Amino acid sequence: MSNEKNFALVDCNNFYASCEKIFQPNLNDKPVVILSNNDGCIIARSNEAKDLKIPMGAPYHQYRRMMEQNHVKAFSSNYTLYGDISSRVMQSLAMMAPNMEVYSIDEAFLRITEIENGDLIKFCADVRNNIQRWIGIPTSIGIAPTKTLAKMANTIAKKQGRKLIKKFSDNYNFACAKDHVFDLRDEQLRKKILEEFDLKDIWGISQASSSKLNRIGIYTALDLCNSNSRQVRSILGVVGERIVYELRGISCLGLQDISPRKSIMSSRSFGRKVTKKEELIEAISSYATRAHEKLKHQKSIAQAIHVYIRTNHFSINEAQYQNGITKSFARATDSLSEIIKMAREAINDIYQPDFNYKKAGIILLDLVPRNQVQENLLILDDAKKREKIEKLENAMSLVNQNLGRNTIFYAALGTKKNWAMQSNNRSPSYTTNIKEIPYVS
DNA sequence: TCTGGGGTCCTAGGACCC
DNA sequence: TCTGGGGTCCTAGGACCC
C-alpha cells in the first residue's frame, strides 16, 4: 500500500434536481429542471431532462412549450433547501474523510492515502453508497494525484463519460472504474485518457483559452501536458502554467482552508422594469439587508461597498445605461444602518432618470474578521451611539431568526416591493423552518 | 411578456517614493 | 542638449468557476 497522498473529488450529480427529487420520489425517473431567480434561465437538469437536449443556461420561455409537451417538471430555485442538503452532505463526507475542502455547494475535495483508507476505489465506492443511503443524493467521485486530474477523473465518472470508461476499462487490464467512481492514478491509463480529453473540458481552461492554445498547435489535454510550460505561461499566465504541471501529476494546488469570504454579494434582476430612484433605493436596501445577514453570519466587518445598477441589455431597442460605484467606510463596519445609508448614497451618485432599470446589486468588500479589528477602530468618538445601534440590530436579528426573515426591517426597504422578482414554482423548505419570502434566497 | 447569482485569483498600469 | 530607474502598493477589470 502506498502512503502517497491523492485527491478525490466528490461531486453531487445534478445537485439541485436531485435535492427536489428527494422529497418527490414520484419524480425519480422523470425529467426535472431548476430555474434561476425570476424563473429566467434553466440552471440545473436531471439526466432525463439532459436526454431531452434541454441546454444548460437556456431561457425558460424558449423551452417552455417543449417542456410541457414532454411533461418536464420545472422548479423555481430554492437555495434554502439546497444549502441545507449541501451541509448534510459535507458533514457526512467530513466524518468519512476529515481532510477535506468544501469547494462549492455540491463538490468537495478529499485528501486520501491508501495507508489510511485502504483500497481507494473501494473507499470511494463506500463513500458514494453512504451519501446515497443517508441523504438520498447520488454522487460521482474521481481519484488522482492532483486536483486538476481529479476533476478530470470526476468528469469521466459521471454518466456522460461512460463511453470513455467502457472504452478504456474494457481493454485495459486495470481496475480503474466502479459505478460512478473513476481512478486516474495510473500513468499509462492517464496518457490514453488525456489524448481523448478536450481542452475546454479541463478545469480552468475556458473556450477562449482553448482557442488560444489551438493557435499554437495544442488541441488535446495530452498536447497541453506535453507542451512547453513557459510558452503556455506567456499565453495564459501562471494559472495556465500550473495546469500544465497538474496534468503531469505534479500537484500545485493544495486543499484550501475554510476561510471566511473576502466579499459578499447580493443582487437580483427585477420582476419588472424599474425607473424611479426610490424603488432602486428600496431594492438596494433589501439586498444590503441580505448581504448584511451573511456578513454577520461569518462574523466579519466590511471596509467598503460596491453598488451597481443597470438596464436590460437584452432590450436592444431601449436606451442602455449601467454604472457602479465603490465607496469606503470611514471605519470598517457591520452595522446594517450604516451599510444601508452608504448604499443609498451610492444610488444617489449613479442614478440617472428616464431609464428602465432591470438589475441592481451590492457587494460588501474588503471583509475582515470582526475580532481581528483593534478596539480603537470600533470604539471611538461616538462609542455610545454605536453601542445603541448595535444593541438594536442584535435585537432585530434575534426577532428575525425566531419569527422568520423580514419580520422586522428598516423602513428603507419599503413594503410594496413592486420590483420583487418572480418565483412561481418553488418547492417548500422541507428541511428548514425559515419563513419563506419569495425575493430572498 | 420572459435571458441568474455569487465567488476567487491574477494582471496591468497608475501613483508614489527614493 | 540633456530629462533615471527601480521598487512597492493599490485598484479596476479580466478571466474563470459553480
Side-chain angles (χ1 to χ4, degrees), chain A residues 9 11-12 14-16 33-44 55-65 67 74 76-79 82-83 86 101-109 147-148 151 154-155 199-212 233-243 252-253 256-257 259-273 287 290-291 294-295 298 303-304 306 308 310-318 322 324-328 356 358-367 421-425 439-441:
Chain A
L9 175 64
D11 191 328
C12 301
N14 316 320
F15 183 57
Y16 296 168
V33 302
I34 313 300
L35 306 174
S36 64
N37 283 325
N38 265 327
D39 294 344
C41 290
I42 292 154
I43 55 166
M56 178 72 174
Y60 178 38
H61 66 94
Q62 282 176 13
Y63 285 84
R64 190 167 199 153
R65 174 168 296 180
M67 282 170 39
S76 304
S77 38
N78 183 346
Y79 292 106
Y82 311 149
S86 171
E101 170 194 343
V102 177
Y103 175 67
S104 73
I105 194 167
D106 68 338
E107 285 172 75
F109 286 103
K147 279 182 158 182
T148 305
K151 268 279 194 185
N154 186 280
T155 305
L199 274 184
K200 64 174 192 318
D201 295 330
I202 300 172
W203 189 40
I205 304 280
S206 65
Q207 178 64 60
S209 298
S210 170
S211 303
K212 282 185 200 161
R233 182 182 182 138
S234 72
I235 298 170
L236 302 182
V238 290
V239 179
E241 189 180 28
R242 272 203 293 255
I243 291 172
C252 305
L253 304 166
Q256 301 259 13
D257 293 337
S259 51
R261 303 264 176 243
K262 294 165 185 168
S263 65
I264 290 173
M265 174 190 292
S266 177
S267 69
R268 294 286 182 281
S269 297
F270 304 132
R272 60 162 181 78
K273 287 165 192 158
Y287 305 158
R290 175 66 182 125
K294 299 187 213 170
L295 183 76
Q298 70 165 35
Q303 306 189 66
H306 181 83
Y308 68 90
R310 72 146 201 250
T311 52
N312 185 353
H313 57 269
F314 289 105
S315 307
I316 44 175
N317 296 325
E318 282 185 302
Q322 63 174 325
I325 188 169
T326 302
K327 293 174 93 75
S328 296
N356 287 323
K358 180 62 180 171
K359 185 175 181 179
I362 179 170
I363 310 170
L364 308 181
L365 297 167
D366 306 332
L367 310 186
M421 70 180 196
Q422 297 169 24
S423 185
N424 298 323
N425 308 287
Y439 72 93
V440 279
S441 61

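For clarity, every value in this text was computed on a predicted model and none was experimentally measured. In what follows, every chain begins at residue 1, and chains take the letters A, B, ... in the order their sequences are listed.
Of the candidate nucleotides B:dC9, B:dG6, B:dG4, B:dG6 has the atom nearest to the side chain of A:Met265. Side-chain proximity of A:Asn37 to B:dT8, C:dC18, B:dG5: nearest is B:dG5. Comparing B:dG4, C:dC17, B:dT3 against the side chain of A:Pro59 picks out B:dT3 as the nearest. For A:Lys294, the side-chain atoms get nearest to B:dG6 when compared with the rest of B:dG6, B:dG4, B:dC10. Comparing atom distances between the A:Glu107 side chain and each of C:dC18, B:dG4, B:dG7 picks out C:dC18 as nearest. Here the side chain of A:Ser267 is nearest to one of B:dG5, B:dC10, C:dC18, namely B:dG5. Of the candidate nucleotides C:dC18, B:dC9, B:dG5, B:dG5 has the atom nearest to the side chain of A:Arg268. Nearest to the side chain of A:Asn312, among B:dG7, B:dC9, B:dT3, sits B:dT3. Comparing C:dC18, B:dC10, B:dG5 by their nearest atom to the side chain of A:Trp203 picks out C:dC18. Among B:dT11, B:dG7, B:dT3, the nucleotide with an atom closest to any side-chain atom of A:Lys358 is B:dT3.
Remark on DNA chain B: of its neighbouring residues A:Tyr308 and A:Gly237, the 5'-side contact belongs to A:Tyr308, judged by nearest-heavy-atom nucleotide. Mapped onto DNA chain B by nearest heavy atom, A:Met56 and A:Arg233 fall at different nucleotides, with A:Met56 at the one closer to the 5' end.
With both ends at atom C1', the span from B:dC16 to C:dG4 equals 16 Å, rounded to whole Å.
Within the nucleic acid shown, A:Ile264 comes within 4.0 Å of sugar-phosphate atoms alone, with no base atom in reach, counting heavy atoms only. Residue A:Tyr60 is classed as having no contact, given no heavy-atom separation below 4.0 Å to the nucleic acid. Across all strands shown, A:Leu365 has no heavy atoms under 4.0 Å from either base or sugar-phosphate atoms. Residue-level contact check: A:Lys151 touches the backbone only, with heavy atoms under 4.0 Å from sugar-phosphate atoms and none from bases. No engagement by A:Asn38 is indicated, since no non-hydrogen atom pair under 4.0 Å with the nucleic acid exists. Heavy atoms of A:Ile105 sit nowhere under 4.0 angstrom from any nucleic acid atom. Residue contacts for A:Ser266: at a heavy-atom cut-off of 4.0 Å it reaches the sugar-phosphate backbone alone, with no base atom in range. At the heavy-atom level, A:Arg261 lies under 4.0 Å from the strands shown only through sugar-phosphate atoms.
One finds no side-chain N or O of A:Ser77 lying less than 4.0 angstrom from the OP1 or OP2 phosphate oxygen of B:dG5. Between A:Lys273 and B:dT1 there is no side-chain polar atom (N or O) within less than 4.0 angstrom of OP1 or OP2. Dashed line: the shortest gap from a side-chain N or O of A:Arg272 to OP1 or OP2 of B:dC2 is not under 4.0 Å.
The separation between A:Gln256 atom CD and C:dC18 atom P is 14 Å, rounded to whole Å. Rounding to whole angstrom units, CG of residue A:Leu35 and C1' of B:dT3 are separated by 12 Å. Across the protein-nucleic acid pair, A:Ile42 atom CD1 and B:dG4 atom P stand 12 Å apart, rounded to whole Å. In this entry the distance linking CG of A:Asp366 with C1' of C:dA12 reads 13 Å, nearest Å. Look at CG on A:Leu364: it is 12 Å from P on B:dT8, rounded to the nearest Å. The nearest whole Å value for the distance from the CD1 atom in A:Ile325 to the P atom in C:dA12 is 11 Å. For the pair A:Tyr82 OH and B:dG5 P, the computed distance is 15 Å after rounding to whole Å. Regarding A:Ile243, its CD1 atom lies at a distance of 15 Å from the P atom of B:dC9, rounded to whole Å.
Surrounding CZ of A:Arg64 are at most 12 heavy atoms belonging to other residues, nucleotides or ligands under 6.0 Å away.
With hydrogens and angles ignored, the 3.5 Å screen pairs no side-chain donor or acceptor of A:Lys273 with any backbone N or O of A:Asn312.
A:Ser76 and A:Asp39 form a side-chain donor-acceptor contact under 3.5 Å, judged by distance and modelled atom types alone. Using modelled atom types and a 3.5 Å distance limit, the side chains of A:Ser259 and A:Asp257 yield no donor-acceptor pair.
Figure legend. B:dC17 is base-paired to C:dG6; pairs are counted as Watson-Crick or G-U wobble with both atom distances under 3.5 Å.
Here the side chains of A:Leu236 and A:Val239 are not in contact, with every heavy-atom distance at 4.5 Å or above. Between A:Met67 and A:Val33 there is a side-chain heavy-atom pair separated by less than 4.5 Å.
Ion pair A:Glu318/A:Lys358 not flagged as a salt bridge, since none of the NZ, NE, NH1 or NH2 atoms sits closer than 4.0 Å to an Asp/Glu carboxylate oxygen.
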